[in-house]
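Single-structure report; data block below.
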Amino acid sequence: MPYEGSDVMFRVTISGKFRGLDDAGREAVRAAAGTAFTEAGTFTHDQSVSVFTFRCQVPAEPEDGDDEAALGAMAALEAYGQPYEVLRIGVTDMRDIKIRRR
């Protein structure tokens with residue numbers, strides 16, 4: 001459960017491939033296409049919609065780490081209800097990102 005007012009945020013990228021995606025599934029994935037990190041997640045995919053990258057932003061408790069973020073992103077991916085196989089998961093803890101001011 002996200003911590004209200006928390007600035008703890010993770011960005012998770014899941015690379016995978018779909019298994020037995022039907023026409024309705026392809027349309028659902030195309031409808032969620034994009035490159036932004038959102039809490040619901042967005043997909044980029046190949047032309048045949050067989051392989052994908054899923055980007056998800058996961059708010060978290062201050063003590064959460066990569067494992068909790070990955071589980072949150074997997075839950076967001078599961079919500080789309082499409083059959084898939086995960087090939088790779090990358091987690092970025094936004095607390096680790098340093099912004100250089102000019």
Of the non-hydrogen atoms in Thr53 and Ser15, which two are nearest, and what is the gap between them? OG1-OG, 4.1 Å

Are Phe10 and Arg95 packed together at the side-chain level, in the sense that at least one heavy-atom pair is separated by less than 4.5 angstrom? yes

Are Glu85 and Leu87 side-chain neighbours, meaning at least one heavy-atom pair lies under 4.5 Å? yes

Intermediate values then yes/no, side chain to side chain contact (heavy atoms under 4.5 Å, CB included), Thr44 and Thr35: CA-CA 7 Å; Thr44 55; Thr35 57; 3.8 Å; yes

Between Val91 and Ala70, which heavy-atom pair has the shortest distance, and what is it? CG2-CB, 4.3 Å

Say whether Thr13 and Arg88, considering side chains only, have a donor N or O and an acceptor N or O under 3.5 Å apart. no

Student check: side-chain heavy atoms of Glu39 and Cys56 closer than 4.5 Å: no

Inter-residue atom distance Arg55.CZ - Leu77.CG, 0.5 Å rounding: 13.0 Å

Interatomic distance, CD@Gln82 vs CG@Asp22, rounded to 0.5 Å, equals 6.5 Å

Can you measure from OG (Ser50) to CZ (Arg19) and round to the nearest 0.5 angstrom? 13.5 Å

Applying the 4.5 Å side-chain criterion to the ILVMFWY set and letting contacts propagate, would Tyr80 and Val49 be lumped into a single cluster? yes

Report yes if some heavy atom in the side chain of Gln57 is under 4.5 Å from a heavy atom in the side chain of Thr38; otherwise report no. no

In the single-linkage hydrophobic clustering (I, L, V, M, F, W, Y; side-chain heavy atoms under 4.5 Å), do Val12 and Val8 co-cluster? yes

With the 4.5 Å side-chain cut-off for hydrophobic clustering, are Met74 and Val58 part of the same group? yes

Please identify which of these residues, Tyr84, Phe18, Phe37, Phe43, meets the ring pair (Phe, Tyr, Trp, His ring centres under 6.0 Å) condition with Phe54. Phe43

Would you compute the distance between atom CE of Met9 and atom CG of Asp64 and round it to the nearest 0.5 angstrom? 11.5 Å

Shortest non-hydrogen contact from Pro83 to Leu21? CD-CD1, 4.2 Å

Does Asp23 have more than 12 heavy atoms from other residues, nucleotides or ligands lying within 6.0 Å of its CG? no

Under a 4.5 Å cut-off applied to non-hydrogen side-chain atoms, are His45 and Arg30 in contact? yes

Check whether Glu27 reaches the backbone of Ala24 with its side chain - one donor and one acceptor, N or O, closer than 3.5 Å. no

